[in-house]
Amino acid sequence: DVSEEEYKIGFSQAMTTDNWRREMNKAMRVESSMHPGLKLEIKDAGNHIAKQITQIDEFIKEEVDVLIVSPIQSIPITPAIEKAMNAGIPVIIIDRKIEGRNFTAYVGADNMEIGRNAAKYIISHSKGEAGIIEITGQEGSSPAYERSIGFKNTLDSVPGLKISHSIKGDWEKASIKDQLSTHLDSVEAPDYIFAHNDRMAMGAWEVARSKSLEDEISIIGVDGLFGPNGGIQMVKDGLLDATLLYPTGGAEAIKLAEELLRGESVNKYNILRTVVIDSVNVDIMQNQFDKLNQQQNDIEQQQAVIDEQIKTYNTQSDLIKLMLVL
Ligand code: FRU
């Protein structure tokens, strides 16, 4: 363990406006609380590239022992990561990638596989003929690019399955609702919509619903988050036909950091598993996440108690020191 010394991990998070990223942060906090020697600091870039670069610079100046980064976009963040590497700080990239291979380790699911699995789902559920709309994530971020490639390549193997239209989103539903609405007014309803995440998939469902098309269009999303507005609930409620699990990797990133601090060598690419969540397995998945969530909450509560005890202990030992001096 790394409990002998204090180590500082800096995490540059792209933004924290959505639950998926809040879950990632939570998983990181829970995992690092289990290693007493680790101190985790999270900086939120608020989806501003310039801010993310500045925050990475701050972490370099603070001389963090490990830097974890979830880049907003690949190309503009790459030089900032190189700077950290040149300063001798190991860098773990999580979820979205940078350009090239100048980083210590990557952790995240295979986004090409996610695209392929979405296509395979359509192939096995349609009778070889279907109209499909794709709604993509933010341009320049690697999951959007890779999900598209995987999706298109797999669909190409079936002549009757064509993407009739593509809509460019930015990961949030507000970016796609008007575009989809206008498009649906001018064409026959598609059989499938593949949205690159569940929040945009929810937007697609709202548009379909407003045109009474929700029963005609099958919607597939990505993320499969647990909780009230998450993909698992949307599959349960029949809003989505399926979602592809996209694990946040928060706990795994901290584990990797800990291994690096112990001087162990780690794999460069740490690929997390994805799975299709649909009506067949949604209850099992919900039960699993329910358990995991309870465990995480227990750990967080215990950590709060321990922090309180440490505070009391510190005040008491300060008092004793004072008494000894007197
Ligand atoms: C969260 C998110 C997820 C998506 C991921 C891609 O901010 O938009 O919904 O799967 O980022 O990086």
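In listed order, ligands and their atoms are each counted from 1.
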Is Glu259 paired with Lys255 through a side-chain N to carboxylate O contact shorter than 4.0 Å? no
Residues in salt bridge (Lys or Arg N to Asp or Glu O under 4.0 Å) contact with Glu31, at least two apart in sequence or another chain: none
So which atom in Gly203 and which in Lys173 form the shortest heavy-atom distance, rounded to 0.1 Å? CA-CB, 3.8 Å
Enumerate the residue pairs fulfilling side-chain hydrogen bond (donor to acceptor under 3.5 Å, both in side chains) with a member in residues 111-121, sequence neighbours excluded, ordered by first and then second residue. Asn111-Arg147, Asn111-Tyr246
Show me, by chain and number, every protein residue that has a heavy-atom distance under 4.0 Å to ligand 1. Asp18, Trp20, Arg21, Asp95, Arg96, Pro143, Arg147, Trp171, Asn197, Arg199, Asp223, Tyr246
Taking NZ, NE, NH1 and NH2 as the nitrogens, is one of them in Arg21 or Asp95 under 4.0 Å from a carboxylate oxygen of the other? yes
Can you list the residues that meet the salt bridge (Lys or Arg N to Asp or Glu O under 4.0 Å) rule with Glu146, with sequence neighbours excluded? Lys97
